[in-house]
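Just below is one structure, and these are the notes that go with it.
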Amino acid sequence: MPEQPYAVQLSGMTKRFPTATGEAYTAVRDIDLAVAPGRFVSVVGPTGCGKSTLLNAAAGLMPPSEGTVHVYGEPLQGLNRRASYMFQQDALLPWRSVLDNVTLGLRIRKVPADERAEQGRAWLERVGLGAFAAAYPHQLSGGMRKRAAVAQTWIVDPDILLMDEPFSALDVQTRQLMENELLTLWTGSEKTVIFVTHDLDEAISLSDEVVLLSAGPDSEVVGGYPVDLPRPRDLMDIRNSPEFNDIYRRIWSDLRNEVMKSYERRARTLQAG
Amino acid sequence: MSDALARSKPASTKDGAAVDDRVTPTEPPVRPPAPDPSVKKSAGRAWLRVSPLVLGLQLALGVGAIAGWQLLTQVGVLDTFFFSQPSRVAVRVWEWLTTGVIYDDLAVTLQETFLALVIGAALGLFVGFLLARVRLLAAVLDPYIKILNAVPRVVLAPVFLLWFGLGIWSKVAFGVTLVFFVVFFNTYQGVREVSRVLVDNTRMLGASESQLIRHVFLPSALTWIFSSLHVSVGFAIVGAVVGEYLGSAKGIGYVIAQAEGTFDTTGVFAGIVVLSVVVLLVELLVNRVERRLLRWRPDSGRTDVA
Ligand SMILES: Nc1ncnc2c1ncn2[C@@H]1O[C@H](COP(=O)(O)OP(=O)(O)O)[C@@H](O)[C@H]1O
Ligand SMILES: [Mg+2]
């Protein structure tokens, strides 16, 4: 146990969903996940294994069926007020301009309008959207919307960032750019990041630690893999380094097992049904 | 879960088809229409871009129809007693406008329309919100709302005349019963259909329930309401005119009823002409308002920055 409490700590977290047939579907079972303040931790696992469920529990959007969630040592009640959540889907308000969307959190906190606009513009510059303050979300490309979402979640200066496959819908080039920019933002910010992805490459190159989930249902933590690559990192170079490949191979052999299990299970359900 | 309210509704009708002669709104929540470039950017000026050929044919059709009417009444194929005559109608409208006798009636009709629209929309918005947010209430009230909405409105007119008298309020009440359901169903739908992730995102950014309403639910409901604005305005006018027709001392509907009572076909047609022009003008106004308020909506024809 470190001196400092963990920024986010899930203990024995189980989440069941009711199903149409009446019996509960256990998405994740007995999850222990502890993230120390200032760490960048990625959660990886096959699709449908419960990654979003984990984040939702950490955000307080969805109370666990069993187990506890602690945030900086305090049991979480209601929403996690120290966290921002960048959702997998687009979550910008379509009826608000990009600037108004980015500053929504400030507006909710009743920050005066001029200060809001000033901070908003600074953030738009920072994410490369300076010229699009007055545009509406539908006028932006997918990548630009993600940039706006990054600004929207960071502008409120949260201690914790929950990011759910933020870049998975982007093309490879845009994704690499965004990953680099995210690292630049995060470096020195001392913010805790829980980053969900199904892309092992992305997980390793960004993180201090990669947590692997097993295939669902009854998904569990297969293991945590520290990533001791030096920082600051250049995402182009790092992927060619032998250390990176070592870590990659180690996690991939475990991940592959889980992916295969997930396939088999799906094939079986298909046959049964 | 009381999706019953939402599910019970027929598929949406398009704006124009709404003012149907049964005077019973079929409460289609008009789904915010898919991006429609022709309506968006220049709905008001769309006719300017019609090709000369089409424009010429349109003009010819209109002129031909009126000329045919004039001709057939002139030679006696159509009886002017029943069909009047375009030239006479034009003269009558001209008289009304120059002497100013029609303005009082017009003002009354517009006033009734406006009041019915505002009151009906406010009530519909409020009740729609309430039912969308309080599931139990929606479930309990569901059958009653369906029953009330099924009542043909015309039969209510005599009741309202008794309750509210011959003045404007009986017509306003009548219009309100029409407008209310359109706005109510659209609000209900607008609030219920808000994407979960927009709500969660705004909550995670710290929004309280009232901030959620202001930033998420209300704008979403307004989208639906504005897309049904044409329908609502149409109903408000129908309410006013039909109400006047059935019993009043002022208004365009009253003018038409009076003319009918004295077998003054010219007066009836002149009333219809004035009314149609007013409706057209209001439509144009609604178009402008709509374009302004919904300018954030996707619009395929326009500047995609990316
Ligand atoms: N609200 C819900 N109701 C029922 N089942 C759900 C719900 N949310 C998620 N699930 C199920 O839980 C499992 C994990 O979902 P999720 O956390 O979204 O997976 P991932 O993000 O890893 O793709 C999936 O099988 C999904 O179908
Ligand atoms: Mg997910």
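Per chain, numbering begins at 1; letters A, B, ... match sequence-line order. Excluded from the calculations below are hydrogen atoms, water molecules and symmetry mates; all remaining heavy atoms, backbone and side chain alike, are included. Note that the structure is predicted; figures quoted are calculated from it, not measured.
Enclosure of atom OH in A:Tyr72 by more than 12 non-hydrogen atoms of other residues, nucleotides or ligands within 6.0 angstrom is indicated. Enclosure of atom CZ in B:Phe126 is not indicated, since only 12 or fewer non-hydrogen atoms of other residues, nucleotides or ligands lie within 6.0 angstrom.
Side-chain contact check for B:Ser208 versus A:Ile108: every heavy-atom pair is 4.5 Å or farther apart. A heavy-atom distance below 4.5 Å is found between the side chains of B:His215 and A:Arg107. Proximity of A:Phe87 to B:Asp200: side-chain heavy atoms (C-beta onward) are separated by under 4.5 Å at one or more points. In this structure the side chain of B:Gln211 reaches within 4.5 angstrom of the side chain of A:Lys110, judged on heavy atoms.
Pairs passing the ring-ring contact (aromatic ring centres under 6.0 Å, His included) check and including a residue from residues 88-108 of chain A, sequence neighbours excluded, read A:Trp95-B:Trp296.
Contact tally against chain B (heavy-atom pairs below 4.5 Å) for A:Gln89, A:Arg96, A:Gln88: the top residue is A:Arg96.
Of all non-hydrogen atoms in A:Ala91 and B:Asn201, the two that sit nearest each other are O-ND2, 3.1 Å.
For a residue to count as touching a neighbouring chain, one of its non-hydrogen atoms must lie under 4.5 Å from one of that chain's; by this rule A:Leu92 touches chain B with the backbone only. Heavy-atom distances place both the backbone and the side chain of A:Gln152 under 4.5 Å from chain B. Neither the backbone nor the side chain of A:Asn56 comes within contact range of chain B; no heavy atom of the residue lies under 4.5 Å from a heavy atom of that chain. Looking at B:Thr202, both its backbone and its side chain come within 4.5 Å of chain A, counting heavy atoms on both sides. Residue contact with chain A, scored on non-hydrogen atoms closer than 4.5 Å, is absent for B:Val199.
With sequence neighbours left out, A:Arg81 forms a side chain to side chain donor-acceptor pair (under 3.5 Å) with no residue at all.
Panel note: side chain A:Arg109, backbone B:Leu205; a donor-acceptor pair is recorded below 3.5 Å.
Atom CE of B:Met204 and atom OG1 of A:Thr153 lie 10.5 Å apart (nearest 0.5 Å).
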(request) Test A:Leu61 against B:Arg203 for side chain to side chain contact (heavy atoms under 4.5 Å, CB included), laying out the working first. (result) CA-CA 9 Å; A:Leu61 283 169; B:Arg203 282 177 69 207; 4.0 Å; yes
